[in-house]
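Worksheet for the structure shown next.
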Amino acid sequence: MGIGNDPCFMFSALFLCWFSFITNHLSLGAVDTISATQSLSGDQTIVSAGGTFEMGFYKPGKSSNYYISMWYYEVSPKTIVWVANRDIPISNKYSSVLKILDGNLVLLNESQIIIWSTNHKSTTTTSSNFVAAVLGDDGNLVLRDGSNSNSTKPIWQSFDHPTHSWLPGSKFAYDKRTKTHQVLTSWKNSEDPSPGLFSLNLDATSIQFLLLWNGSEQYWTGGPWNGQFFSLVPEMRGDYMYNFSYHDNENESYFIYTPYNSSFISGFIMDVSGQVKVVTWLRGTKERNVLWTLPVQQCEVYAFCGAFGTCNENTLPFCNCPNGFNPTSSNDWNSMSYSGGCMRRTELVCRNNEKKDTFLEYPNMRLPKHPRSVAVGSAEECEFTCLSNCSCTAYAYDSDGCSIWIGDLFNMQELLENDDRGRTLYLRVAVSMYSSGKNKKGIIGVVLGSVSVVLVFSGLIFAVGKRRQVDEEQTTTVYGSLVAFRYKDVRRATKNFKEKMGGGGFGSVFKGKLPDSTTIAVKQLASVNQGEKQFRAEVSTLGTIQHVNLVRLHGFCSEGKKKLLVYEYMQNGSLDSHLFHKMESKVLDWKTRYQIALGTAKGLAYLHEECRDCIIHCDIKPENILLDVDFSPKVADFGLAKLLGREFSKVLTTMRGTTGYLAPEWILGVAITNKADVYSYGMMLFELISGRRNTYQSEATKYFPIWASSVVIEGGDVFSLLDSKLETHVDVEEVWRICKLACWCIQDDANHRPSMGDVVQVLQGILDVKPSPIPRLLQALVDDD
Ligand SMILES: *[C@@H]1O[C@H](CO)[C@@H](O)[C@H](O)[C@H]1NC(C)=O
Ligand SMILES: *[C@@H]1O[C@H](CO)[C@@H](O)[C@H](O)[C@H]1NC(C)=O
Ligand SMILES: *[C@@H]1O[C@H](CO)[C@@H](O)[C@H](O)[C@H]1NC(C)=O
Ligand SMILES: *[C@@H]1O[C@H](CO)[C@@H](O)[C@H](O)[C@H]1NC(C)=O
Ligand SMILES: *[C@@H]1O[C@H](CO)[C@@H](O)[C@H](O)[C@H]1NC(C)=O
Ligand SMILES: *[C@@H]1O[C@H](CO)[C@@H](O)[C@H](O)[C@H]1NC(C)=O
Ligand SMILES: *[C@@H]1O[C@H](CO)[C@@H](O)[C@H](O)[C@H]1NC(C)=O
């Protein structure tokens, strides 16, 4: 295809010629080509013929630098997929130009010096007059020689030079002739596209994708390709959106993928967070969805919080510095770039026989990477070993023996108290960090001392509080049925937010006690963008919603940016802790599980059908089903989707980042109805049955909802699906009913799913349930077997 016989090309060229008489400022919307007669400068852009991609100068965030970049046209947030001059920015886009020069596409900076080029060394003398670069609707910028109309092979194409994203239809390849792998490298930070520390790599030997830090430290793999999917990410196969395939020939081996439905535009992006984000949206809609983030958990990313930084999956921001440490660069830290890590406020003093350093105890930690084990027999010897080497920064001693760490600590993670991965880490600090300058025992004394001072102090406050209770009641306003708490009262009730029970993207939850001894759970909302009036209005609506299967809102606090919700406290915590965590002693029996399924359904049915404004929960998962003292379930966090608006959907997609409970509608970008909750509820039913996360696998091919559906539809042995921890007293009929129901709830088409009211009736045995058709996506999988 060449300039002579490609009508589109000719048209664009003519169009460009005509256009160059007109001011640059007009939109060049219809132009997709850079040619001898048309270059790109200033605010000009080219747009692919189908309007999918746009290219031009782009200035990321608050940076003052410009880069020739390609992004999805009309999609927000603006998502860059390719950058030409990622290492060498320019600062004036009006005096820089992207043009064809000597058969290449080149970028000239303000001094008209070439700073980026397609670098093609032509074998024949190509005339620049016939060379042109066309931005395709697939996101491929292709440089062709129009004078050689027989040549179909491009001179150069951006698909062969990806930067940080992998687009549908392009190869992710290993070139056997040059022995080179393609690599996607993250940006340095959100304002600097130059190569950062995280990269997505193809291991051609074992045929798998790896995520590496600094080119060496592997922190994630999708598992080997088994011909159909990557063994550790079955949900990628379970989703019917993409056709992944692997090809191997004498010259190269590569992966390629295409969406089955061309209405979906998507891409794999190696994000600055160190996660691969698979983004997608429906043609015609402007809003982007993040379909998957790999790895799902931010804290799995190696060194995400830098040296000495601790990662916490349950707080925003994810990164914190330990006591005695400050962020190395608070600027970076404030702009959410944590890789610089933390540094000591007081340097260690290391002199022989002088105990100038000591250790701070950190319980419930995931230990840093790269420990060295030391063969000693006691905690004291372990501590001594560390203390006697000036480069030793931490130690841990437990049933696995003594481990010490030399140099910077990476990958520390704060875990929740009931997490059985938690260990205790002893972090070396300078004694002089404390003014006392005493020995180690002294330090622990100081730490304990200050804790008890706080306790005594808060005790005092309580006493004062009690005395002034008459006052208090006068200043506590009641808002509808809700109490509007003052921040200082909530702080007092939670002992300055001391006892954290859990948390997530919306903020942490703390246990507290009101002066009248009512135990409460306080949810600290991470970010609310609503105005005061609207916030109060929304919250007071939530306050009117009362149902035995919904967690009761007592009140709220709203002072400036401080937004808190005060809920009733639930003794038995959340469902996930009983289903999935090994530490729990009591296994939920079948009857209890059935009642939890029924109660949850009743709560949701009330939200969907009976309260004044229908509420879609949007985030049904075991973490949001709380259990009362008698294990009756109450749905938590309802109404937050509306309250938090955009923040909520951001959290949904970026925090969880997995399709685990999310209905296809979320991914497809179509309207969300209350049937989205039904889907999530169905996914949760499977977990209630199996006692495991759906994403857990015993054998690579068995994605539980898929397996369970096929068992149900073939009339197989439903008992094989049950949690092995369940003993006797299982009602066969109930198991069948709940399994069939779960299959109906996860139908692809929202219209085929039952309403929550129907679900209640089925569980009560009032409505009968026939076997469901296999969902389309499951059908495909079952057929493959
Ligand atoms: C243009 O690039 C050249 C070579 O990198 C450099 O020496 C020169 O300073 C640049 N001009 C401007 C205005 O930045
Ligand atoms: C294209 O191929 C035809 C026949 O194969 C040949 O006659 C012609 O010279 C070629 N044109 C160019 C520009 O190479
Ligand atoms: C990355 O690795 C190189 C050597 O391969 C090393 O010099 C550099 O310091 C490392 N970067 C960081 C941030 O540790
Ligand atoms: C998937 O893609 C491969 C390679 O592009 C193609 O051969 C195959 O037919 C496609 N499969 C489906 C079901 O579209
Ligand atoms: C491999 O490369 C050679 C030389 O470029 C080419 O002739 C051959 O067709 C290629 N093989 C495949 C399968 O593409
Ligand atoms: C692609 O998805 C859209 C939106 O869900 C749907 O309307 C359309 O029918 C789908 N096309 C195909 C070929 O499945
Ligand atoms: C401290 O430990 C490291 C690693 O084991 C070792 O290389 C170094 O020599 C030790 N330093 C001293 C003073 O023992």
Side-chain angles (χ1 to χ4, degrees), residues 39 41-42 57 59 63-68 83-99 101 104-117 119-121 123-124 150-157 159-160 169-180 182 192-194 204 245-256 307 347-357 359 367-376 381-397 401-410 426-428:
S39 51
S41 187
F57 286 97
K59 182 169 83 70
S63 149
S64 54
N65 294 325
Y66 287 90
Y67 302 86
I68 286 290
V83 184
N85 53 319
R86 68 187 298 192
D87 296 295
I88 314 169
I90 55 121
S91 49
N92 185 335
K93 58 179 174 175
Y94 296 100
S95 51
S96 304
V97 62
L98 183 69
K99 64 188 287 191
L101 189 69
N104 273 303
L105 181 65
V106 300
L107 176 61
L108 303 180
N109 75 359
E110 301 86 332
S111 344
Q112 306 307 303
I113 307 277
I114 297 178
I115 57 157
W116 178 85
S117 164
N119 265 329
H120 172 69
K121 311 261 181 309
T123 43
T124 59
N150 293 346
S151 161
T152 51
K153 204 167 176 289
I155 301 175
W156 177 95
Q157 56 180 346
F159 271 8
D160 292 336
S170 70
K171 295 173 180 175
F172 198 85
Y174 171 66
D175 187 326
K176 294 181 180 175
R177 291 161 299 188
T178 59
K179 294 201 168 28
T180 50
Q182 256 168 8
D192 181 358
S194 64
S245 55
Y246 180 70
H247 305 262
D248 192 7
N249 64 41
E250 73 231 43
N251 300 332
E252 58 181 353
S253 52
Y254 62 89
F255 278 102
I256 196 162
E347 281 309 311
L348 293 178
V349 185
C350 193
R351 266 178 246 136
N352 281 345
N353 306 323
E354 242 184 284
K355 285 204 168 174
K356 291 288 189 189
D357 297 334
F359 293 90
L367 299 178
K369 278 278 161 72
H370 308 307
R372 296 169 194 231
S373 57
V374 182
V376 296
E381 284 176 88
C382 188
E383 179 186 322
F384 181 77
T385 310
C386 185
L387 210 52
S388 46
N389 184 326
C390 292
S391 325
C392 180
T393 45
Y395 78 91
Y397 187 85
C402 170
S403 306
I404 62 167
W405 283 265
I406 303 292
D408 291 352
L409 302 177
F410 288 102
Y426 294 89
L427 185 61
R428 186 177 195 159

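All ligand and atom numbering here is 1-based and tracks the order in the structure.
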Between ligand 7 and the protein, which N/O pairs fall short of 3.5 Å?
residue, atom, partner, partner atom, Å
ligand 7, 2 (O), N389, ND2, 2.1
ligand 7, 5 (O), R372, NH1, 3.4
ligand 7, 11 (N), N389, OD1, 3.3
ligand 7, 11 (N), N389, ND2, 3.0

- Message: Other residues, nucleotides and ligands only: do more than 12 of their heavy atoms fall within 6.0 Å of NZ on K99?
- Response: no
- Atoms of ligand 1 close to E110 [distance to a heavy atom under 4.0 angstrom, numbered from 1]: 12 (C), 13 (C), 14 (O)
- Task: Under 4.0 Å from a heavy atom of N249: give me the atoms of ligand 5 that qualify, with their elements.
- Result: 13 (C)
- Under 3.5 Å, is there a donor-acceptor pair between the side chain of S96 and the main chain of N92? yes
- Whether Y254 and H247 hold their rings parallel, tilted or perpendicular, with breakpoints at 30° and 60°: parallel
- Contact check, side chains of E383 and Y395, non-hydrogen atoms, under 4.5 Å: yes
- Item | Min side-chain heavy-atom separation D248-K176 under 4.5 Å | yes
- Note: D357 and L387 closest approach over all heavy atoms is O-CD1, 3.9 Å
- Return yes when E252 approaches ligand 5 closer than 4.0 angstrom through a heavy atom, no otherwise. no
- Atoms of ligand 1 under 4.0 Å from any heavy atom of S111, numbered from 1 in the order shown, are 1 (C), 8 (C), 10 (C), 11 (N), 12 (C), 13 (C)
- Message: As an exercise, identify every atom of ligand 5 less than 4.0 angstrom from a heavy atom of R177.
- Response: 2 (O), 5 (O)
- Message: If you define the side chain from C-beta out and look only at heavy atoms, does anything of S170 sit under 4.5 Å from F172?
- Response: no
- Message: Does any part of the side chain of I68, heavy atoms only, come nearer than 4.5 Å to the side chain of F57, both counted from C-beta?
- Response: yes
